[in-house]
Amino acid sequence: MIQFFNTLSGKVQPFHPLKKNQVKLYTCGPTVYDYAHIGNFRAYLFEDLLKRFLLFQGYRVLHVMNLTDVDDKTIKGARAEGISLKEFTQKYTDAFFQDIDTLNIHRADYYPRATQHISSMVRIIKGLLQKGYAYEKDGSVYYDISKFKDYGKLSKIKMHKLKTGTRIESDEYEKESAHDFALWKYKKEGEPYWETEIGPGRPGWHIECSAMSSQYLGDTFDIHCGGVDNIFPHHENEIAQSEAYSGKEFVRYWLHCHHLIVNGEKMSKSKGNFYTLRDLLERDVNPRVLRFLLLSTHYRKILNFTFEALDQASTSLQRITDFIYNLGHQSFPSGESKDISQLIQNTKQKFISGLSNDLNISQALPPIFEMIRKVNRLIKQKKVYQKDTQNLRTFIHSVDNVLAVLPQEKEESLSSELMEKIKLRQKARKEKNYELADRIRDELYQKGIILEDTKNGVRWKIIKKKK
RNA sequence: GGCGCGGUGCCCAAGUGGACUAAGGGAGGGGUUUGCAAAACCUCGAUUCGUCGGUUCGAAUCCGACCCGCGCCUCCA
């Protein structure tokens, strides 16, 4: 049985999708005004783990992720670069897709853009006006939160206890109450706007998610994810809009992932600890290792990103990849052992129950490492057979359908020049010219290539370049 | 002020009343193996789970107080 911590109930609870075997998932996507940073990717990776695990468990998943391509930041950015909003956001949208591919994140089924769903938003805003949940002022439309009884049910915030920040008072738009929020912002000089039934203007921050989620997933859907910082006000407001409009429950399970910090502090550009994926790739960080690191802390814990942690993740992951490699590059006697198949079954069961427990990766991973140690021990005792190695590899690869951290079979290759060096060294070793052999090994090590002499020949592997 | 998170060995991190004389990964010490390495295997590392009290036959796990670190409260994953 799968269980998730639902922000709405504040508890871990059993997961039952609305439709048996199908999960409808909405995840808050990027505002495409800049390159995404590793904190963003932590959230997307958590969502990817969630989705891959659901798929692994046999669910069909209908996944929608929005792209916010009109808001204050995108408008400002486009203006600063002197290009159209569309041109500007396209650049970062392309970058976003590149990055999620780099990190091996499954594509969503739909990536609706806010600018292409204005009419859906207008329809909801009109409905909210008709039902009395919204009011118009100076051409803008606001949501009157006092009309929505359940306001605060997600974030557990009591509005009368909320402190009013200075930012609210300085809002450029006129609202009746400080906590009311804009559904529609009346057009402003020099800003993009749409001519609509509710007048010229552009959508407020929250309405796109209400509109696009219901358009693709229906009024009620199973899971909505995002970062904790979205709980209030973004998701609270989505609930207010959607439930007031449809009269139905909006989302059944809210899953929020915690933040990533860097060296114990919040990531910020002024502190110089702000990393985009691209920054890390420039430092020769292997995206698989980054993926493994960001994935291997439970999503509801704060993750402290450090380069030391990255190194640890790298070594840890290497243990799995070496294991797979060894299974494929040693000879084993033909046959099959019951012990191994049983071990695989046990490991699989523990892996699944770990992830079933609110995606507890720290509980799901250890069985894999335990299995690896046990099998390595059995290999030494010559109790592993050919069929076992196939079963083990199939199993590890199926686990990797969820983790997606192992290299592709032919990911790495060496230049022919380096291959010649390796051949030369093999010859030297045969002739017991160890001095030359060691010199070549050192030379390759300087280039970030480790050579291992095994019973079945030489193995090379590329490690991170030494700085 | 409101809401919430966390403090487990050198580092990361599970475990939330009894099989814990506390998983797993990384680093480190010792050994097996190896031409030497690497990998792999064996082995050693917390009488102890922020502190102090309490409940209990029994607590890292429950209760109370306190200390420390952190997040959100209309830019934010």
Side-chain angles (χ1 to χ4, degrees), chain A residues 7 10 27-31 33 36-47 71-73 76 152 155-165 167-168 171 178-182 205-206 225-234 236-237 256-261 264-268 292-293 296-304 306 308-309 311-320 322-323 325-326 354 357 360-370 372-381 429 432-435 437-438 441-442 445 450-455 458-461:
Chain A
T7 307
T27 59
C28 272
T31 301
Y33 74 108
H37 61 249
I38 54 175
N40 298 321
F41 289 117
R42 196 233 173 150
Y44 305 145
L45 283 168
F46 138 65
E47 289 152 1
D71 80 319
D72 293 348
K73 286 171 296 193
K76 201 173 141 195
S155 52
K156 325 284 185 244
I157 282 173
K158 307 261 188 294
M159 288 319 290
H160 58 90
K161 284 191 182 164
L162 251 195
K163 276 212 296 198
T164 313
R167 190 177 278 136
I168 296 168
D171 197 293
H179 298 296
D180 289 349
F181 58 91
W205 178 28
H206 317 289
C225 299
V228 280
D229 51 342
N230 276 154
I231 296 173
F232 187 85
H234 186 52
E236 194 69 61
N237 290 351
H256 292 99
C257 120
H258 277 62
H259 279 183
L260 171 153
I261 56 176
E265 329 185 274
K266 189 172 174 172
M267 192 164 48
S268 76
F292 186 63
L293 174 65
S296 54
T297 293
H298 181 64
Y299 76 96
R300 284 195 293 118
K301 281 201 79 159
I302 290 171
L303 189 161
N304 188 17
T306 62
E308 191 198 348
D311 284 342
Q312 291 189 4
S314 172
T315 325
S316 184
L317 184 55
Q318 190 68 51
R319 191 164 159 79
I320 306 176
D322 281 352
F323 177 69
Y325 180 93
N326 289 148
N357 178 21
N360 191 334
I361 189 87
S362 300
Q363 193 185 325
L365 248 24
I368 305 293
F369 286 103
E370 274 165 17
I372 288 174
R373 181 155 27 77
K374 282 179 186 162
V375 171
N376 278 333
R377 191 185 300 159
L378 289 170
I379 289 176
K380 274 212 156 55
Q381 296 168 359
R429 286 189 69 225
K432 302 216 187 297
N433 184 355
Y434 294 123
E435 200 198 321
D438 290 353
R441 187 168 62 193
D442 285 349
Y445 182 74
I450 285 184
L451 295 184
E452 294 177 2
D453 300 316
T454 73
K455 286 201 178 72
V458 66
R459 180 200 173 182
W460 52 265
K461 55 187 176 192

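Computed over heavy atoms, backbone and side chain alike; hydrogens, waters and symmetry mates excluded. Throughout, a chain's letter reflects where its sequence line sits, starting with A, and its residues are numbered from 1.
In this model, no side-chain donor or acceptor of A:Asn304 finds a partner on the base of B:rC12 within 3.5 Å. With hydrogens and angles left out, the side chain of A:Asp229 and the base of B:rG71 share no donor-acceptor pair within 3.5 Å.
Nucleic acid contact for A:Leu451: base, since at least one base atom lies under 4.0 Å from a heavy atom of the residue. At the heavy-atom level, A:His256 lies nowhere under 4.0 Å from the strands shown. A:Gly39 comes within 4.0 angstrom of a nucleotide base, judged by non-hydrogen atoms across all strands. Across all strands, A:Asn360 comes closer than 4.0 Å only to sugar-phosphate atoms, never to a base (heavy-atom distances). Heavy atoms of A:Asp438 sit under 4.0 angstrom from at least one base atom. Using a 4.0 Å heavy-atom criterion, one finds that A:Arg377 contacts the sugar-phosphate atoms exclusively. Contact annotation for A:Lys73: backbone-only contact, meaning every heavy-atom pair under 4.0 Å involves sugar-phosphate atoms and none involves a base. A:Lys266 comes within 4.0 angstrom of a base, heavy atoms only. Looking at heavy-atom distances under 4.0 Å, A:Ser155 makes contact with sugar-phosphate atoms alone, never a base.
In this view, A:Asn433 satisfies the side-chain hydrogen bond (donor to acceptor under 3.5 Å, both in side chains) rule with no residue, not counting sequence neighbours. Partners of A:His234 by side chain to side chain contact (heavy atoms under 4.5 Å, CB included), not counting sequence neighbours, listed by chain and number: A:Cys28, A:Trp205, A:His206, A:Cys209, A:Asn230, A:Glu238. With sequence neighbours left out, A:Phe46 forms a ring-ring contact (aromatic ring centres under 6.0 Å, His included) with A:Tyr299. Partners of A:Asn326 according to the side-chain hydrogen bond (donor to acceptor under 3.5 Å, both in side chains) rule, which considers only residues two or more places apart in sequence or in another chain, do not exist here. Not a single side chain to side chain contact (heavy atoms under 4.5 Å, CB included) links A:Lys156 to another residue, sequence neighbours left out. Remark: A:Asp71 pairs with A:Thr31, A:Thr68, A:Lys73, A:Thr74 by the side chain to side chain contact (heavy atoms under 4.5 Å, CB included) rule, at least two apart or across chains. A:Ser316 pairs by the side chain to side chain contact (heavy atoms under 4.5 Å, CB included) definition with A:Phe292, A:Phe369, not counting sequence neighbours.
Taking atom CG of A:Leu260 as the reference point, atom P of B:rA77 lies 13 Å away to the nearest angstrom. In this structure, the CZ atom of A:Phe41 is 11 Å from the P atom of B:rA77, given to the nearest Å. A:Glu452 has its CD atom 15 Å from the P atom of B:rG35, to the nearest Å. The distance from atom CD1 of A:Ile302 to atom P of B:rA77 is 17 Å, rounded to the nearest whole Å.
Straight-line distance between the C1' atoms of B:rC70 and B:rC62: roughly 25 Å, to the nearest whole Å. Of the P atoms belonging to B:rG29 and B:rC67, the separation is 42 Å, rounded to the nearest Å.
Here the side chains of A:Leu303 and A:His258 are not in contact, with every heavy-atom distance at 4.5 Å or above. No side-chain heavy atom of A:Glu265 sits less than 4.5 Å from a side-chain heavy atom of A:Ile261.
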Identify all pairs in which a protein N or O lies below 3.5 Å from an N or O of nucleotides 25-29 of chain B, and state each distance.
residue: B:rG25; atom: O2'; partner: A:Ser316; partner atom: OG; Å: 2.6
residue: B:rG25; atom: N2; partner: A:Gln312; partner atom: OE1; Å: 2.9

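Ring-base stacking between A:His259 and B:rG71 is not satisfied when judged by a centre separation under 5.5 Å and a plane angle under 30°.
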* **Dot-bracket pairing map - RNA chain B, Watson-Crick plus G-U, both contacts under 3.5 Å, | cross-strand** => ((((((((.[[[..)..(.....]]].(((((.......))))).....[[[[[..)....]]]]])))))))....

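Note on A:Asp438 versus A:Arg441: salt bridge recorded, some NZ/NE/NH1/NH2 to OD/OE distance being below 4.0 Å.
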